[in-house]
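Just so we're on the same page: letters track the sequence lines, and every chain starts at 1. Because the structure is predicted, anything quoted here is derived from the model rather than measured. Keep in mind that the numbers below use all heavy atoms, side chains included, and drop hydrogens, waters and symmetry copies.
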Amino acid sequence: MEDKQQPNISEAFLSPYNPSENEDRIYAMWEDSGYFNPDVCIEKGVTKPDAEPFSMVLPPPNVTGTLHMGHAAMLAVEDILTRYHRMLGKRTLWIPGTDSAALATQSKVESIVYKKEKKRRHDIGREELMRRIDEFVEESKSTIINQTKKMGSSLDWSRYAFTMDDTRNKAVTEAFIRMYNDGLIYRGARSVNWDPNMQTTVSDDEVEYVEKNSPFYYFKYGPFTIGTVRPETKFGDKYVVMHPDDERYAAYEHGQTIEVEWINGPITATIIKDEAADPEMGSGVMTITPWHSAVDLEIAKRHDLDIEQVIDERGCLLDIAGEFAGTHIKKARPLIIEKMQAKGLVEKVDEDYTHNVATNERGGGVIEPQIKEQWWVDVNKEFTMGPSTIPGISEGDVVTLKKLMIAAVENGGVSIFPDRFNKTYYHWIENLHDWCLSRQIWYGHRIPAWFKDGEVKVQVGSPGEGWTQDPDTLDTWFSSGLWTMSTLGWPEMTDDFTTYHPTTVLETGYDILFFWVARMILMTTYLNGSVPFQNVYLHGLVRDANNKKMSKSLGNIIDPVDMIDKFGADATRLSLIVGAAPGNDMPLGEDKIRAYKKFANKLWNISRFVLTSIADFDHSTTPTLSERDQAILTDLQVNAEAVTSELEKFNLYIAAEKAYHFVWHEIADRILEEAKPVINGEDASAKAARQYVLKETLVTSLKLLHPFMPYVTETIWQELPEALRETDMLLVAQWPTK
RNA sequence: GUCCGGUUAGCUCAGCUGGUAGAGCGCUACAUUGACAUUGUAGAGGUCACAAGUUCAAGUCUUGUACCGGACACCA
């Protein structure tokens, strides 16, 4: 049997490209080289010490989670940006980290403990629970880290950060104390979103409204008719509110009292005229429950009304409910209706009423508004600005946190891509209320506040004998809001901080623009007088091939780890980039990933062909080029510049598509095909010239594609003859423009 | 209710500052065992949602209409 002749090229090329044989090996090689760390790049001479910095933080995934397609898309985008800028010769830093996801993690561990030992958190105590959580975190964190590496992410693991580690803890405490001392954090009793299941408050942004069908009751309230879906809140309703201009009730005067027969007997009701009552809504009359409704509370405050609690923290009725006291609201509701029916107070019931029920996004409990003493960030309080590099804001200006957040974006300090999200961002800020910071859960950053006999001190460590620390912890987004700073060592003015902050890009999903992006802007503009990042790149949601949301219940989840095993990380990355315009959701099916696996193989074969064709080329000579040879080199240049300009504009989806199209349909289909007769022809100098061109073509292709498909390009690079490799790894080769 | 998008080939989408339609997948025909667990060449397929306006010229700008989607707010 005759072997085809394959002079001087590696045996590796004799079979199709096999991602699983190469990816782990290549990643280990990159990691061992230290090139993910910009300091090492400088040490080894691949980056100039004074090169322009490029920095980015990884939006920290939940430490106990597993990788899903959303993460994969995020990692693909960020790694492309990182590799591109590294190849441009910048001091490039992409910082990895994981998030403690306090609420989610604690409830996960609690449920494990409950399943195993039938114990609740109060049974095992704070310290023990924390120990269990730490253990759980330690055990499960390697999963997400390993999966992140599988995607080819060129993160500097030597700078790995965890939201709950010492450095981050220090940053959180420092931030809290400074904001408290400036009066931007205060303690106050206000209406909060209380989750009776998890026994904690949640912020407005964590409340999810779920559409539900419930009976809507019309009750006779003296001469009026009032409507409600929640009869159990109605015990204390002694104010009846109507619009001042509502003709139907012109006979009643504000402040007038009437006797009304109510659930547990007669009460004295007071008429309140307030514009909050919508005349179009039902009868135009309502009673209010200020303790359990933020809207009602505002009305009550306007008229200085009594405010009474009806439901306790566990969701049970209080003494005010009389015979129903101690009963859980779920059980009480039908009993109350029964009694009211017997008393003839029920006028009618609308069984088919849909309304939105507030639930805790992360636990699913139904929110019961309560008035509670909590810690808050005041977003409207005026203060005098310290040193500032924020465009449009100078030292000494009187500002508010809201103003800072708007100024940072309005004056171009932060650019958001795609820019239509600017409006979404402003819209959110206009609606922004004070931010409830404290959470009644144990896992998280403990609030540095101490109490003694009604006195409060905010500081690091106990003020002394008899002081007890606030048992509450901080909203997880408080620490996340510091992330660009804390990962770089803030509040210490480390070299990292001064070099890499503000970061160049923040890449994340548009779904957490408010949770996270806005909060980072809030915290950083105030604490550091700077923006946290210059650019925000928002990616969309990954949907299935039919554009449906991926979900467990639909069974349409595509697992990125499966896809990597099946088609390779390169193919998975490209499938998540091409056709994925920033801010738009993208459909993804296996077919698409398979198509890019073919592309990786195509590149593999292109390389094999070129290496075979140039095997006898003398690299020490520079041959004389024909016009056509020149034209091909120009073509390379033009296309490399086209890809570059799209990358500069953050149009990764176009850049990837262009690179793909150029390599496959220009290089493979035309340049390689037309080179065949020249390479096989008699004219030795024409052959040498074309060999030179082919060599350039291959090297440029590998470089152009490296950010998008790092594994296959690096695998090929490692097989190139020494003469073609300007650097030991493609990872740090020079980007092919200029 | 407020705000923001979208509507272009069978499907998924691209079309930047206006100059008479593009890609990928799919489909049809032909070719090819080659650098190619295939690939190449060619082709079919679109009154660019609808209406009016600006303009020498409108997927592209303006206004309106109709659907579709999203974010936020929220009701007794």
Side-chain angles (χ1 to χ4, degrees), chain A residues 4 6 9 13-18 204-205 207 209 216-219 221 224-231 233-234 237 240-242 276-278 280-289 293-296 299 353-358 418-433 510-511 513-514 540-541 543 545-547 574-575 578-581 583-589 591-592 594-613 645-646 649 651 653-654 657-658 660-661 664-665 667-670 672-673 675-676 679 694 698:
Chain A
K4 227 184 310 173
Q6 300 282 355
I9 72 158
F13 282 108
L14 296 179
S15 44
Y17 176 63
N18 183 346
D204 292 347
D205 294 305
V207 174
Y209 291 90
F216 190 88
Y217 303 98
Y218 291 89
F219 297 138
Y221 189 84
F224 308 110
T225 300
I226 58 160
T228 187
V229 277
R230 304 202 53 202
T233 63
K234 293 283 150 197
D237 288 12
V240 52
V241 184
M242 59 207 67
D278 181 2
E280 305 288 311
M281 186 88 188
S283 62
V285 174
M286 62 178 176
T287 59
I288 55 169
T289 314
S293 155
V295 177
D296 292 1
I299 299 171
Y353 178 75
T354 48
H355 65 140
N356 292 326
V357 178
D419 63 0
R420 70 183 136 91
F421 282 98
N422 282 310
K423 285 188 180 164
T424 317
Y425 175 81
Y426 295 135
H427 185 244
W428 180 78
I429 293 177
E430 280 162 25
N431 285 311
L432 185 62
H433 300 296
Y510 65 76
D511 52 330
L513 178 64
F514 307 134
L541 264 44
R543 294 164 176 272
N546 301 315
N547 233 333
L574 264 183
S575 72
V578 177
N584 285 0
D585 294 353
M586 70 189 105
L588 178 71
D591 284 352
K592 191 174 178 188
R594 186 178 296 111
Y596 290 111
K597 181 192 162 115
K598 282 197 206 164
F599 181 53
N601 194 50
K602 186 78 183 179
L603 184 63
W604 186 252
N605 283 305
I606 289 170
S607 305
R608 182 201 301 182
F609 175 75
V610 171
L611 291 177
T612 312
S613 303
S645 97
E646 298 300 345
K649 287 185 279 188
N651 287 329
Y653 65 117
I654 298 176
E657 212 279 326
K658 279 190 173 167
Y660 169 92
H661 195 265
W664 195 317
H665 298 296
I667 294 181
D669 293 351
R670 300 190 197 282
L672 262 46
E673 287 303 326
K676 284 177 184 174
I679 298 295
L694 286 185
L698 177 61

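Here the separation of B/A23 from B/G64, taken at their C1' atoms, is 33 Å to the nearest Å. Spacing between B/G26 and B/C11 at atom P, rounded to whole Å, works out to 16 Å. Of the P atoms belonging to B/G15 and B/G69, the separation is 23 Å, rounded to the nearest Å. Annotation: B/A42 and B/U55 have their P atoms spaced 43 Å apart (nearest Å). Taking atom C1' on both B/G18 and B/A58, the two are 6 Å apart, rounded to the nearest angstrom. Separating the P atom of B/U60 from that of B/G53 is a span of 15 Å, rounded to the nearest Å. Atom name P, nucleotides B/U39 and B/U33: the rounded distance is 16 Å, in whole Å. Separating the C1' atom of B/C74 from that of B/A21 is a span of 45 Å, rounded to the nearest Å.
In this entry the distance linking CZ of A/Phe599 with P of B/A35 reads 19 Å, nearest Å. We find that CZ of A/Phe609 is positioned 14 Å from C1' of B/U39, with the value rounded to whole Å. Rounded to whole Å, the distance from CG on A/Leu432 to P on B/A73 is 10 Å. A/Tyr426 places its OH atom 21 Å from the C1' atom of B/A73, with the value rounded to the nearest Å. One atom, CD of A/Glu657, and another, P of B/C13, lie 15 Å apart when rounded to the nearest Å. The OH-P distance, from A/Tyr660 to B/A14, rounds to 18 Å in whole Å. Taking atom NZ of A/Lys592 as the reference point, atom P of B/C11 lies 17 Å away to the nearest angstrom. If you measure from atom CD1 of A/Ile667 to atom C1' of B/A35, you get 14 Å, rounded to the nearest angstrom.
The backbone N or O of A/Glu646 sits nowhere less than 3.5 Å from a side-chain atom of A/Asn651 that would complete a donor-acceptor pair. For the pair A/Asn601 (side chain) and A/Tyr17 (backbone), a donor-acceptor distance under 3.5 Å is present. A side-chain donor-acceptor contact under 3.5 Å links A/Ser613 to the backbone of A/Phe609. The backbone N or O of A/Leu541 lies less than 3.5 Å from a partner atom in the side chain of A/Asp585, making a donor-acceptor pair.
Comparing A/Ser15 and A/Val241, the nucleotide of RNA chain B nearest to each residue sits closer to the 5' end for A/Ser15. For A/Thr287 and A/Ile654, each mapped to the nucleotide of RNA chain B holding its nearest heavy atom, the one lying further toward the 5' end belongs to A/Ile654.
Annotation for A/Val610 and A/Leu694: closest pair CG1-O, 3.7 Å, computed over non-hydrogen atoms.
Within 4.0 Å of A/Tyr653, counting heavy atoms only, lie sugar-phosphate atoms of the nucleic acid but no base atom. Contacts of A/Asp591 with the nucleic acid, taken as non-hydrogen atoms under 4.0 Å apart, are absent. Using a 4.0 Å heavy-atom distance criterion, A/Lys598 is classed as a sugar-phosphate-only contact. Among the atoms of the strands shown, base atoms are found under 4.0 Å from some heavy atom of A/Ala668. Among the heavy atoms of the strands lying under 4.0 Å from A/Phe514 are primed sugar atoms or P, OP1, OP2 only; no base atom is included. Among the heavy atoms of the strands lying under 4.0 Å from A/Glu673 is at least one base atom, whether or not backbone atoms are also near.
The strand RNA chain B forms stems, runs of 3 or more Watson-Crick or G-U wobble pairs with distances below 3.5 Å, at B:1-7 with B:66-72, B:10-13 with B:22-25, B:27-31 with B:39-43, B:49-53 with B:61-65.
Of the candidates B/A35, B/G40, B/C72, the closest approach to any side-chain atom of A/Asp669 belongs to B/G40. Minimum atom distance to the side chain of A/Asn605 is reached by B/A35, of the listed B/C72, B/U39, B/A35. Candidate nucleotides B/C74, B/A35, B/A71 were compared by shortest atom distance to the side chain of A/Val295, and B/C74 ranks first.
No side-chain heavy atom of A/Thr287 sits less than 4.5 Å from a side-chain heavy atom of A/Thr228. A 4.5 Å side-chain heavy-atom check between A/Ser607 and A/Phe13 finds at least one atom pair inside the cut-off. Annotation: side chain of A/Val357 is not in contact with side chain of A/Val229 (no heavy-atom distance under 4.5 Å).
Side chain A/Glu430 to base B/A73: no donor-acceptor pair is found below 3.5 Å.
Between A/His661 and A/His665, the ring planes are tilted. Angles from 30° to 60° get that label. Ring geometry for A/Trp428 against A/Phe514 counts as parallel: the plane angle stays under 30°, on a 0 to 90° scale with 60° as the upper cut.
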Report task. For nucleotides 2-8 of chain B, just jot down a letter per nucleotide in 5' to 3' order: B, S or -, based on protein non-hydrogen atoms under 4.0 Å. Result -> B-SS---

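Look at B/G22: its glycosidic torsion is beyond 90° from 0, and that puts it in the anti range.
Applying the ring-ring contact (aromatic ring centres under 6.0 Å, His included) criterion to A/Tyr510, with sequence neighbours excluded, gives A/Phe421.
At B/U39, none of the side-chain N or O atoms of A/Trp664 fall inside 4.0 Å of OP1 or OP2 (strictly under the cut-off).
Here the straight-line distance linking atom CZ of A/Arg543 with atom CG of A/Asn584 works out to 10.5 Å at 0.5 Å rounding.
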